[in-house]
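The residues of the chain are indexed from 1 along the displayed sequence.
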Amino acid sequence: MSESSVAHSVATGRQMVIARMSEWLQAGQRVWLCTIVETWGSSPRPVGSWLAIAESGHWSGSVSGGCLEEDLLRRTAEDGPDHPVFVDYGITDDDRDHFQLPCGGRIRLLVEPFQGQSGLDHVNALAGALRDREPVVRRVPLKGIVALERAAVRAGKAVSFDGEKLVHVLQPECRLLLIGAGEVARYVAEFATAAEFAVTLCEPRETFASGWSYDQIPMDRRLPDDLISREFGDAWSGILALAHDPRIDDMGLLAALHSNAFYIGAMGSRKTSEARRERLASLGLDEAALGRLRAPIGVDIPSKTPAEIAISIVADLISARHHLRGAASSL
C-alpha cells in the first residue's frame, strides 16, 4: 500500500448530489434541484436538504422518507419548471394521507432548474468551494440570476426566504479522521458514513495496515499529526483516537488539541483516560486544551462490544454536529 493511500474517496451527502448534477449537465440534460425551505410539524429530513432530478429520471439525494420523491420525479418528467417555483406538501388532509407525511407535517420545497453551460458553471463553482472547505452562500431569486458567494461562517438560519429570493448558507461537510485500525474503527466508519460523515482511517503501522480488509473505508498511511495539520484541522473536522497505542494516539491528540476540530475523542477506560491526560499535560497542554478531549469517548451507555462502542461514539458525534450547526449557518 502506498504511503498516502486514497483518502476522502467516498462522496457523501451533498457532495454526491453535486457530483451527479455535474455529470447530468455535462451530458446535456436538464436538471432540477429541490431544496427544503421550511417544515412544519414532523419532517424526516432537515431544512436545506436536497433532491436533484435529471430529465432522464435519474435522481440523487432525499427530501423525505420516500413519500415525496415519486411525486417530484413525476412532476419534473411531465412538466419541469423553467424558473424557480415553490411546491408545498401536507397542506390538506387528502395531501397528507396521499403522501403519508408523518404527524401531520408540512414541507415547502423550492424546485430550481439548471441547464446548459451556465447551470454547469454554477454547480462546478459550488463543488469547488465545498471541496476547498469554504462556507458558501447561494442566493436564488424567483426571477433573475442565481449568485454564489464565498462567505465567513455566521450565526443565523441555514435557509431563509424574504419573499423575493432564497438564501442558502452551506458549510463544508463534517469529516472524521479515525486513528488506528480495528473492529471499533470499522464499525465507527460504517455507522458514521451512514450518518453522512466523510471518514478516513489513519493507520501508519504496517502490521495493522496490511491486515485491513475493508477497502470501502479510505486509509491513509501518514502519521496522524501530519494528516491533522494538513487536512483535518478545521472546524468541520473530528479526530478519534482508537488505536489503544499511545505512540500514535498521543501524537494525533497532541496535534488535534492544537487544531480547530469540532470533536476530539479517545477510546479507553477512565483510568486509561486519566493517564493519557497526564501524559498530554506533561507535553505542555494546558487545562483549557485538555478540556476539549472527550475521553472516555462516546455516549455513556453500558457498551461492551465493538459495535456497541461504535454506536455510542457515532451518537455523540451526531450530537456534536448538531451543536456545531446550531452555532452557525450550516448544512
Notebook entry, point to check: Should I217 and L240 be counted in the same cluster of Ile, Leu, Val, Met, Phe, Trp and Tyr side chains packed under 4.5 Å apart?
Noted result: yes
Note to self: Regarding R276 and E278, does a basic nitrogen lie under 4.0 Å from an acidic carboxylate oxygen?
What the structure shows: no
Note to self: Check whether R131 reaches the backbone of L126 with its side chain - one donor and one acceptor, N or O, closer than 3.5 Å.
What the structure shows: no
Checklist line | Ion pair E149/R139, N-O distance below 4.0 Å | finding: yes
Check: With the threshold set at 4.0 Å, does a side-chain nitrogen-carboxylate oxygen contact exist between E70 and R75?
Finding: no
Item checked: E55 side chain vs R30 backbone, donor-acceptor pair below 3.5 Å -> yes
Check: Taking E274 for the side chain and K271 for the main chain, is one N or O donor matched with an acceptor at less than 3.5 Å?
Finding: no
Notebook entry, point to check: Quick check: does any side chain N or O of D132 sit under 3.5 Å from a backbone N or O of E134, one acting as donor and the other as acceptor?
Noted result: no
Note to self: Before you tell me yes or no, could you show the steps for E112 and H83 under side-chain contact (heavy atoms from CB on, under 4.5 Å), namely the whole-Å CA-CA distance, both residues' side-chain angles and the distance that decides it to 0.1 Å?
What the structure shows: CA-CA 6 Å; E112 178 187 354; H83 61 276; over 6 Å; no
Next item on the list: Mind running side-chain contact (heavy atoms from CB on, under 4.5 Å) on L142 and E164 for me, showing each step along the way?
Entry: CA-CA 6 Å; L142 295 183; E164 296 182 356; over 6 Å; no
Next item on the list: Flag the pair K165 and D162 as a salt bridge only when some basic side-chain nitrogen lies within less than 4.0 angstrom of an acidic carboxylate oxygen.
Entry: yes
Notebook entry, point to check: Residues in salt bridge (Lys or Arg N to Asp or Glu O under 4.0 Å) with D226, at least two apart?
Noted result: R230
Notebook entry, point to check: Does L257 share a hydrophobic cluster with L283, counting links as ILVMFWY side-chain heavy atoms below 4.5 Å and allowing steps through other members?
Noted result: yes
Check: Which heavy atom of A261 sits nearest a heavy atom of S259, and at what distance?
Finding: N-OG, 3.2 Å
Item checked: Between W32 and T76: side-chain donor-acceptor atoms closer than 3.5 Å -> no
Margin query: Does either side chain, that of E69 or that of S64, offer a donor lying less than 3.5 Å from an acceptor on the other one?
Written below: yes
Item checked: In one Ile/Leu/Val/Met/Phe/Trp/Tyr side-chain cluster, 4.5 Å: F197, M219 -> yes
Next item on the list: Before accepting this row, confirm whether a basic side-chain N of the pair R221/E206 lies closer than 4.0 Å to the acidic partner's carboxylate O.
Entry: yes
Check: Are R186 and E190 within salt-bridge range, i.e. N to O under 4.0 Å?
Finding: yes
